[in-house]
Each structure stands twice: as C-alpha cells, then as structure tokens.
Amino acid sequence: MLHRRPAISRLMFAVAGLAFGLFGAEMTFGSLRPDEVNRDAVLYSIEVRNDAGDLLASPMLIGEEGRPVHLNLVGPHSEPMAMSLDLDPRVDGENICLGYKLSIDEGFPHSGRVGVQYGEPRSLHLQGGGESIRLSLVVARAHSPQFERILHHRRRPTT
C-alpha cells in the first residue's frame, strides 16, 4: 500500500531542500549575492617609453577601486610590440600601494609595488633582462578634477 504524504509536508521538504542547496552552493563556490560594498571607478593613465624616450604604449584603463586590472596589447593595432600589464591596487585613504607586472614582447617581466597618490603623476625607471623602460602613470577617481584633467589632456590633438 502506498503511503501518501500531505501536500504541506512535501512543500516543506522542497523549501528545506532549496535552502540547503543554496547554502551548500554558497559555501562551495563563494557568495551568490553581490557585495554590498560600493567601489568607485578608477582611471589609470599609463605611458611606457623605451630608454631613448620613444613612446611604446599609452593606454588608459578603467577599473574599480581596490580591484586588480589586466591589459594585453596584442594584434594588428599593437604592432610592432606586444605588451602585458597587471595592476593590483591596495587602497589606503588617499594613497594606493600599486602592484605592477609589465612584460613587453614576452621579455623580462618587470614587477614590484609603488606608492601612488590619486591624481599625482608617478614615474618608474625599470631595468632588467637587457631592457630599460620608463613607466609613467596617474591614477584618478572617476568624476574628480584629476580624472577630468587626464581626459582633457588626452583629447587634445598632439602637434
């Protein structure tokens, strides 16, 4: 003889199964809900020059405050070189401890950490593997005067 459970108990088991499934998925794969932390958009204005002062690359990247950013320049628009850049910012008020890793044409990977203030230009001389590179950067929060200044500077035609 078949024993039938009332509809309410089947519904309770289904809800409990769903709750345990969501809990297990969150414990296994991480948070399923978005973080409540609102992060500001950040602009990274970068210049890479060789030892002779020739401009090799001049990308602008948009990221979120405190989150790593990765850039790969490869393909027909990045000729005659390929570049890989990783930025790992750690924010502390108005200061940033910016981790970087820069590789050009699969050459020597220059890496380290540098202290940066929002809106203030910072320049690094990187040497290693027979290469000498100058990395210049400015980091600005979105909608700040520094952000607008960087965008205005980039819009001007060069003569």
Side-chain angles (χ1 to χ4, degrees), residues 20-159:
F20 281 113
L22 287 174
F23 178 73
E26 191 158 312
M27 294 300 292
T28 304
F29 301 112
S31 179
L32 298 174
R33 292 166 277 133
D35 292 337
E36 296 299 320
V37 177
N38 247 351
R39 297 177 189 246
D40 290 333
V42 176
L43 173 70
Y44 299 93
S45 177
I46 300 161
E47 280 189 2
V48 180
R49 295 182 181 272
N50 64 12
D51 204 24
D54 301 326
L55 183 63
L56 301 177
S58 182
M60 283 197 319
L61 305 170
I62 300 289
E64 284 184 292
E65 194 170 50
R67 293 214 177 183
V69 177
H70 176 75
L71 170 70
N72 266 341
L73 287 177
V74 293
H77 299 291
S78 65
E79 293 297 332
M81 62 157 223
M83 182 177 92
S84 174
L85 176 66
D86 289 296
L87 298 174
D88 183 17
R90 298 205 179 124
V91 181
D92 182 25
E94 290 301 310
N95 298 315
I96 305 165
C97 183
L98 187 62
Y100 63 90
K101 184 176 181 184
L102 173 68
S103 295
I104 296 179
D105 290 330
E106 297 182 21
F108 184 80
H110 303 277
S111 63
R113 295 199 79 73
V114 62
V116 179
Q117 288 185 337
Y118 285 107
E120 297 297 321
R122 184 65 194 251
S123 186
L124 303 168
H125 186 77
L126 309 175
Q127 288 185 311
E131 294 180 320
S132 182
I133 297 171
R134 169 114 5 233
L135 173 66
S136 302
L137 57 99
V138 180
V139 181
R141 285 187 176 118
H143 309 296
S144 69
Q146 298 89 359
F147 180 87
E148 298 299 326
R149 188 171 45 238
I150 292 168
L151 292 180
H152 179 70
H153 176 72
R154 288 289 182 114
R155 282 188 211 127
R156 276 190 290 161
T158 57
T159 56

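The shown structure was predicted, so the numbers you read here are calculated from the model rather than taken from an experiment.
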When every non-hydrogen atom of S136 is compared with those of S123, the smallest separation belongs to OG-OG, 3.4 Å
Side chains of Y100 and L124, heavy atoms from C-beta outward: is any pair under 4.5 Å?
yes
Review point. Given side chains that start at C-beta, do those of D86 and D88 come closer than 4.5 Å, heavy atoms only?
Key: no
Applying side-chain contact (heavy atoms from CB on, under 4.5 Å) to N95 and not counting sequence neighbours gives Q117
When every non-hydrogen atom of P109 is compared with those of K101, the smallest separation belongs to CB-CE, 3.8 Å
What one should report as the nearest heavy-atom pair of E65 and V91 is CG-CG2, 3.5 Å
To the nearest 0.5 Å, atom CG of L73 lies from atom CG of D105 at 11.0 Å
Rounding to 0.5 Å, atoms CD1 (I96) and CZ (R90) come to a distance of 13.0 Å
Does the side chain of H125 come within less than 4.5 Å of D51's, by heavy atoms?
yes
#### Entry: Under 3.5 Å donor-acceptor, R134 side chain and G53 backbone
no
Residue set satisfying side chain to side chain donor-acceptor pair (under 3.5 Å) with N72, at least two apart, ordered chain then number -> H70, S84
Taking every heavy atom of I133 against every heavy atom of H110, the minimum-distance pair comes out as CD1-NE2, 3.6 Å
Rounded to the nearest 0.5 angstrom, the OH-CG distance for Y118 and D40 is 7.5 Å
Do L87 and V139 have side chains that approach each other closer than 4.5 Å (heavy atoms only, starting at C-beta)? no
Assess whether side chain to side chain contact (heavy atoms under 4.5 Å, CB included) is satisfied between V116 and Y44, documenting all intermediate values.
-> CA-CA 11 Å; V116 179; Y44 299 93; over 6 Å; no
Any side-chain heavy atom of M83 sitting closer than 4.5 Å to one from V48? yes
In short, C97 meets R113 closest at the heavy-atom pair O-NH2, 3.0 Å
Minimal heavy-atom distance between P59 and A57, with the atoms involved, is CD-C, 3.5 Å
Those residues at least two apart in sequence (or on a different chain) that pass side-chain contact (heavy atoms from CB on, under 4.5 Å) with D92 are none
